[in-house]
Amino acid sequence: MVSPLTLLYKTPVAGIVILLLRACRIEMMKLHCRENAVNLKKSDWQRLGEETEGYSGSDLSVLTNGALFQPIRDLQSASYWRKAPAAAAAAEVVVVVVVVVVVVVVIVVVVVVVVVVAVVVVVIVVVVIVSEVVVLVVVVVVVVVVVVVVVVVVVVVVVVVVVLVDV
């Protein structure tokens, strides 16, 4: 395919030159937009080509870059922000999931504590019957370790919940 710029310099017919100049302007604006998500229909590009009659390459560059940065200028001058409805719904789902996870973890921790206490009571009864001091010391160490693990799990869950709710 031959570039419109190449045809411009090789075509002596005035009517064709005007048509190619419009095509050149359109191609120049497309080049300035190539790294951005610009969704214009062919008719939109044609209209831009018609409305920029007489514009230089520099004029087209300023026009296109100004149009591309307009959303940024709009954001800079915004006086308030609001959550989009989809984002708010997603945040509510996250909060519900976090609450459910916390409830499940708390139930698991309570069950583990109850089982540990039951095991400790049984072991203490056995120790009293057998009266082995070494077994008692091992049981106390195991109980302390289990309690520390449970406390760490609860603290981690609380921290995660606080962080997720703030998001």
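If you read the sequence from its start, that first residue is 1, and numbering goes on from there.
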Chemist: Distance-only criterion, 3.5 Å: show the donor-acceptor pairs between side-chain atoms of residues 57-71 and protein atoms not counting sequence neighbours.
Modeler:
residue : atom : partner : partner atom : Å
Asp59   : OD2  : Ser56   : N            : 3.1
Asp59   : OD2  : Ser56   : OG           : 3.1
Ser61   : OG   : Asn65   : ND2          : 3.4
Thr64   : OG1  : Leu60   : O            : 2.7
Asn65   : ND2  : Ser61   : O            : 3.2
Gln70   : OE1  : Arg73   : NE           : 3.3
Gln70   : OE1  : Arg73   : NH2          : 3.0
Gln70   : NE2  : Asp74   : OD1          : 2.8

Chemist: Could you tell me whether a side-chain N or O of Arg25 sits under 3.5 Å from a main-chain N or O of Tyr55, the two making a donor and an acceptor?
Modeler: no

Chemist: Can you sort out the partners of Glu51 under salt bridge (charged side-chain N to carboxylate O under 4.0 Å, His left out), two or more places apart, ordered by chain and number?
Modeler: Arg47

Chemist: Among all residues two or more places apart in sequence or in another chain, which pass the side-chain contact (heavy atoms from CB on, under 4.5 Å) test with Lys42?
Modeler: Gln46

Chemist: Can you tell me how far the CD1 atom of Ile26 sits from the CH2 atom of Trp45, to the nearest 0.5 Å?
Modeler: 8.5 Å

Chemist: Could you give the distance from CD (Glu27) to CZ (Arg34), rounded to the nearest 0.5 Å?
Modeler: 12.0 Å

